[in-house]
Every structure is written in structure tokens, then in C-alpha cells.
Amino acid sequence: MKADPIGVLTGTHFFDGDHACCEGALAAGCRFAAGYPITPSTEIVERFAQRAPLVGGMFLQMEDELAASIAIQGAVWAGAKAFTVTSGPGFSLMMEHIGFAAMTETPCVIVNVQRGGPSTGLPTLPGQADMMQARWGSHGDYELIALAPSSPQECFDLTIHAFNLAEQYRVPVLVMMDECVGHMTEKVVIPPASEIEVAPRRYTRLPRGEYVPFHAGPDGVPEMVRAGEGYRIHVTGMTHDEQGFPAPTVEAQQKLVQRLVEKIRRNAEAIVRYEETGVEDAEVVVVAYGITARVARRAVELARQQGVRAGLLRPVVVWPFPENRIAELARRVRAFVVAEMNLGQIALEVERCSAGNAPTVLVPHGGGAVHHPEEILEVILAQARTEEVLR
Amino acid sequence: MPEEAPPEAKKTKKVRGTVVINLARCKGCGFCIAFCPPQVLEFAEDYNPQGYHPPRLTDPDGCTGCDLCGLYCPDFAIYGIMLKNGAPPSAAREKSDES
Amino acid sequence: MSAPVEAPLAANPVEAVLRSFRMPHIWCPGCGIGTTVNCFARALEQSKLNLDKVVVVSGIGCSGRVAGYLDLDSFHTTHGRAIPFATGMKIANPKLTVVVYSGDGDLVGIGGNHFIHAARRNLDLKVICINNFTYGMTGGQMGPTTPVSALSSTTPFGCFEPGFNLPHLAESAGAVYVARWTTYHVRQLAHTMGEMLRKNGFSFLEIISPCPTLYGQRNRLGDGLAMMKHFKQQSVLRHGAPTKEVGIELQGPIAVGKFVDIERPSFLDVMNEQLGRTLEAEYAGCVKDHVPD
Ligand SMILES: Cc1ncc(C[n+]2csc(CCOP(=O)(O)OP(=O)(O)O)c2C)c(N)n1
Ligand code: SF4
Ligand code: SF4
Ligand code: SF4
């Protein structure tokens, strides 16, 4: 399905990442946003509040992030596409409803423009320390999808992609921006609506009686209905059977949670997306995402200038993680260097996936500013010089 | 009923009704019995499968079919209906799909 | 014994909106929650609303289980968050009649912030609160409505914090319709619920309901029936009473009636008016018209 032209601001713009994200949501067909102001994400909903009434949508400022993250789900079950945006402390408040969306298979998008933490941390300065919270923040077993844009253009493109993935897999999709990407201004090209692919909601065609609300098709994803259509569905965050009713049994739990997890794990190869630069012949592969990937690219260039075969792997989809690719590379590269604006999160994942076949070296940063390319370069060079025997 | 009711109306007896009880659902709370205006319900001696004494009608002629018992019953186990000439409303009979 | 009657159980008015296949429900003998469901069923029947367009949203708790037993589109959300969920739903499709049906702990304890803000917005939500003076589902702890000196599992020596006066809270926050009854007042409940279904704006009904298993037993109030009889005795009909005066104390009088019924433009009316006036022809209307099929 193509985007509805009414929401698409076709043209070449000079946008910051926050505004680009808002336009991405509108282009994707999102017509309801709920949120609570928090730097550095607020510009997204400020723009949405400005634009939405002109395209048939609306922004609702809620009393807190708990409310915002569940109000969007009410809107989704009424038939709208909806998202909420936040940052650090607000993201923490949303955790329960990420779990609710995962459990009830409510397609929705949550944007986190990351700032330095923990707690109030650095309200106006960047961080990338919510990556594990994104993956594991709500209680219980579940899988979701998280994307990490590294430019305003990607804030636009990946927000659309996030809405599409949410509809396709009926999961909450997180757009894990960072303050730098959110506030940097660059050229953003918005194509004509006819060139924007938008995933429709997977509504059932079955009549009431034949429709089994949580019975999944071959890809593990059940078809949906919305309130008010006569299906008289029940949706609960409790462990439920295929009809949607509470089923507090070991068997129902195993069946449901297994499916919720499998629908992402089994389709991981189709969901995973990463970008590689100079990885083919690389002896040292840098793994970096978001704003840090841009700094890392410079470090890789500098390393190449010094005759070191360095490459960059940038996860665009961070969850599910490109684990097969890392495992493959681990068998032939000398080392992974992970640069991220935290004290070691995705580095743990790279280490896990490389399964001891190549060392993982972290270039940490406590947040508040980006790395210097030289910091990353130094580690690349050190790893390139490491003797084979020392590995 | 007004004093000057027409002769036909005078012939009709006072409102009569009865109750339908789903014995198995009852949890024996006694709400229906306590709040029945003409006090025509009491606990039956028998137990239901859940181990409770469900209500039973003591005076079939006394029930007005007011359905207060139906409003009170927290377990949806009883309700009252008005009888026309001693038979339950036909609409009710048609919908029968449960015993 | 009475003469056998042919009328089917299915003709019980509650069956029209009950998920009968899910019976028996989880509520204890003598719990008042089921009683309120009968009243709601009668109100729906009389409202002549298209039930396909009526949605019930609950939070978590014994009362929160109502959603699962009603044969409507029903959403059993998270603890305290039924109101914001309902808010998103109503705004995204204003044609839905959205009823929030939950417990006192859920709606005004953990969900208190949402409650006052929803009343302030005056979005057209029908909020039904089962007040049993305790957190039933978790074993009878004190809650935001537990009267001073009442025993609960977390106030073993008697509660020493005052509870909310819910009608007063609702009115102060902006509700346009506020009533209270007990589960003894079944006809009044059905009538009030009917009025709420017709009212445009944030309407609130508090239902004092027995939790014999926990609150009743701990405070030696007897079984469900004894508690119901107590409600009957202690209730004082006070239509239009200033809500300030209707707070409840342990075993004290319970003011019942309709306290507030005023007109105030609802959230969607104000929104459409404001956006229409400032944006004129550019205003593209609300969300629902743009929800793709
Ligand atoms: C976030 C969260 N905190 C706590 C709980 C545990 N919990 C479940 S129900 C409940 C209290 C419900 O009380 P109330 O709303 O008064 O309903 P009742 O059970 O009395 O009908 C609590 C605390 C929960 N489910 N979620
Ligand atoms: S229908 Fe009315 S009179 Fe008859 S048993 Fe029930 S409460 Fe009593
Ligand atoms: S009110 Fe219902 S559950 Fe209680 S005794 Fe009567 S029939 Fe049984
Ligand atoms: S614990 Fe209390 S509120 Fe919960 S079902 Fe039992 S009696 Fe009702």
C-alpha cells in the first residue's frame, strides 16, 4: 500500500532529526500521538501538534508517560496508527506498556531520543545507554524491534519503517534516536507519496464466529480487528488463549510466550538490517550505531589511511541483533571494536555473538558528547597490531 | 390498581410471575432471598454441585416476577419473569438454548 | 415446589451481554461485583445502543475482571491505566461509547493521576468505580478509600490515613455527572448507568460494594449479605448533596444519590470548536475519519 499523500510533505527540506521523525510518522499514516514533554524529544510532538490537525490527526498531551504509552494503544485498537515519543526518564515509565503491547500484540511505535542517564542525567546532552533497556526493560519474556537512525534522513525513513514493521509483526517498535541525531539539522528528502510503501494493518476478513483473535498464521502473527466492528473481542495483558481470554496455565503460558518470541526470532533474518563499509577485507571491524557510527566512520577512514584494513558495521536494526553476521565475521576478523555512548551494552552482544572467535574491545563513553574519532582510531590500530598468538 | 378499573381488568388477577434458576451457578449468598419483596424465596435443602444451597420458590403464587432477584444475583443464577395467564412470555421460550 | 417453568435461562437479561461460556466467574460468594454487572446489563438493554459500538475498558483487580465477562469489545489493560487507554480509544473513534469499569484501587490509587486529568478534560467517558474499600485481588491491603481505623492486611492496627471522598474528587476535577449508590440499590444503579450512557462528558459512578472475603471478614462485618443489609441501613438518600459532605467513615452513614449533573462542553466539542475556529477550512477533522479500512 502507498502512503496517503495528505500526510506526505514531499520535497527537499532542511530538518533536524526530531522534525524528520515527525514527518516520517505522518507519512507512515500515523494520526494519533500522545506524549509528555521531555527534552530532547519534545520537538517531535510539537511539530505533530502543529501538523496533525491539517491532515486529520491529533496530538494529545497526557499527564505522564505511563498514560501516553497506553493511550496510543487505545487509539490503535480503535483503528488508528499511533506513536509516542520520549527520552530517558519517560522511557523508564513506559516499560510496563511496552510489555502490554508485546503481550497484546498491539502495533505501535515508541521513539526514545536518548540522553545521558541514569535518572535525570543530562537532559540536553546525548547518550546511548538505553539500548539494553530497550531490549529487556519490561518484565517477562518478549521480543520487539528497535531501530537506530544515524541521520535526520534516517529519522524520517526509519520512522516509516518502524510503523511498517509494527503492523507486519504486531509488536511495539522502538526508534532509538539520540540527542545528536535528534537535534542535528541536515538535508531530508521526502519522496512523493507514491514512492512511500506503507504497511496496512493486518485486518481479518473472517466473520465473527470464524475469527480467532490470537490464532496466528504461518508467520506467527495473528490477524487483527478493531473495536466497534461487532467482533466483541477481548484483549488482556494476562496470559491468554487463542480466543483472547485469561488462561493462567503452564501450557497457555508456554504456547503464547513462545509464539510472541518466535514470531520475531524466526523472522529475524528478514528484519535485521545493517550497513557495512569496508568490511569485505577488514581485519578490524568497528561496530557502532546512531550518531557514534558517523564518528566511527571517520576513525575507519583514518585507519585505512594508515594502512590498516578497518571496516564499519552499523546496525540499523539493533533488535533483533545481526547475530549471524557478527558470528560469520568473527571467524575471520582479528577483532571487533565497539564504540558506543555508554559503558558497554551492545559490546556485550557482539561478544556473545562472536562466541570467542574474535575479541571484542569496547570504546566506551559516559555520554554528554560524542567520541573523538582518534579515540576509536587508537583502539583500531592497537587491535590491528595485536599478534595472532596473543588472541 | 385504581378502584374504578374496568370490569376486564378487575377479572385479571394481580401481577404474577416466577423465577428461573440456574442451580449450578448459585453460590448461596442469599441476596435474592433477603431482598425479594414478597419474601417468596428460601434456601433449598439440596446442595448444588458447587456445594451451595440454591434458592427455591416457597409460594409460586406470591412471586410477582419483579426480577429484583435477577438484579441482585451476583452469579447470574436467577431471574424473575412476569407471567401472562400463567405462561412465561413467548419470546423467552423461543430463545431457549440452555437448560 | 413451584410449577416447572419453560422459560430459558438465556432469557435472563444479563445473558445478552454476558460471556456465559466463561461462567462461573472468579468472584467470591457474596461479592458485589456481579450484582453491578446485572445493573449494567439492564442499562445497556434499555439504552437501545448498538452494542457493537460499546466498549468496556478495565484495569487490574477483581473489579477489573468485569471486562472479560462482558460480551462487548473489551480491554483488560494494566493496573490503573484503563482511563488513558480509554482516552486514546475514544479520541481515535468518537463514535464508540467507552465505559471504564474498574476498582477503587485501580482508578484512584495507582490511576489517580489519570482520573483527575480525564475529569478535567471532560472527555466523554463513563467511569464506573467499584469501591470495596480495599485492594481485593491482592489480598485485602489498605487503599485510597480505606476508612480510618479499618483493618486491612497492611494496616493490621487500623488504617491511619484518611481515604478519598470520591464524588468530591470527581466533581472538583471537573466531572459533569457524579453519583453514588451501593450494591443494595440495584434499580437506581441501572437507572444511573442509563443516564451515564446518554450523558456527554466525563461521568462518574461510585458503587459501594461488599468484599466479604477480605474487607468484611477482617473488619467483622459479616458475610456479603450482612454487608448488603448494612448498606441498606446506613444509606441516606441525598440527591444534589454538596459532594464535600459525602465522605464515608468506617460503618458510618453512606450518602447516596445523584450529586452532580451539569452541562459543560466535552473535550471533543471544545477541540473541534477551537481547531475549527483557528484553522478554519484547513482543519481536517478528527482521527477517525482518516483511519483506513
Ligand atoms: C503495576 C502494578 N502494581 C500492582 C499490581 C498488583 N495489583 C493487582 S490488582 C491490585 C489492586 C486492585 O484493587 P482494586 O482496584 O481496588 O480492585 P479490587 O480487586 O478490590 O476489585 C493490585 C495492587 C499490578 N497488577 N500492577
Ligand atoms: S421475581 Fe421478584 S417476587 Fe419473584 S422471587 Fe424474584 S424478587 Fe421475589
Ligand atoms: S442471589 Fe444468586 S447466588 Fe445468591 S443465593 Fe440467590 S441465586 Fe444463589
Ligand atoms: S476478594 Fe473481595 S472483591 Fe475480590 S472477588 Fe472476593 S469478595 Fe470480591
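The figures here come from the full heavy-atom set of this structure, side chains too, leaving out hydrogens, waters and symmetry mates.
Counting all heavy atoms, side chain and backbone alike, C:R42 lies closest to B:L71 at NH2-N, 3.8 Å. Residue C:T35 comes nearest to B:Y72 through the heavy atom pair OG1-O, 2.7 Å, listed as atom of the first residue, atom of the second, then distance. For B:F31 against C:G30, the heavy-atom pair with the smallest separation is CZ-O, 3.5 Å. Among all heavy-atom pairs drawn from C:S20 and B:R25, the shortest one is CB-NH2, 3.7 Å. Pairing each heavy atom of B:A34 with each of C:K229, the nearest pair is CB-CE, 4.1 Å. Annotation for B:L68 and C:V186: closest pair CD2-CG2, 3.5 Å, computed over non-hydrogen atoms.
Heavy atoms from other residues, nucleotides or ligands lying under 6.0 Å from CZ of B:F43 number more than 12. The 12-atom threshold is not exceeded at CD of C:Q217, counting heavy atoms of other residues, nucleotides or ligands nearer than 6.0 Å.
For the atom pair CZ (C:R187) and SG (B:C66), the distance works out to 5.5 Å, reported to the nearest 0.5 Å. A distance of 11.0 Å separates CD1 of B:I78 from CG of C:N38, quoted to the nearest 0.5 Å.
The main-chain N or O of B:G70 is never found under 3.5 Å from a side-chain atom of C:N12 such that the two would form a donor-acceptor pair. A donor-acceptor contact shorter than 3.5 Å is absent between the side chain of B:D75 and the backbone of C:P29.
Residue B:I33: no heavy atom, backbone or side chain, is found under 4.5 Å from chain C. Only the side chain of C:M23 comes within contact range of chain B, with heavy atoms under 4.5 Å apart. When heavy atoms are compared at a cutoff of 4.5 Å, C:L18 approaches chain B solely by way of its side chain, counted from C-beta outward. For C:C39, the parts lying under 4.5 angstrom from a heavy atom of chain B are both the backbone and the side chain. Of the two parts of C:T183, only the backbone, made up of N, CA, C and O, holds a non-hydrogen atom closer than 4.5 Å to a non-hydrogen atom of chain B. Heavy atoms of B:F35 lying under 4.5 Å from chain C belong exclusively to its side chain.
Contact check for C:W27 versus B:P74: no side-chain heavy atoms found under the 4.5 Å cut-off. Looking at heavy atoms from C-beta onward, B:D67 lies in side-chain contact with C:P13 at the 4.5 angstrom threshold.
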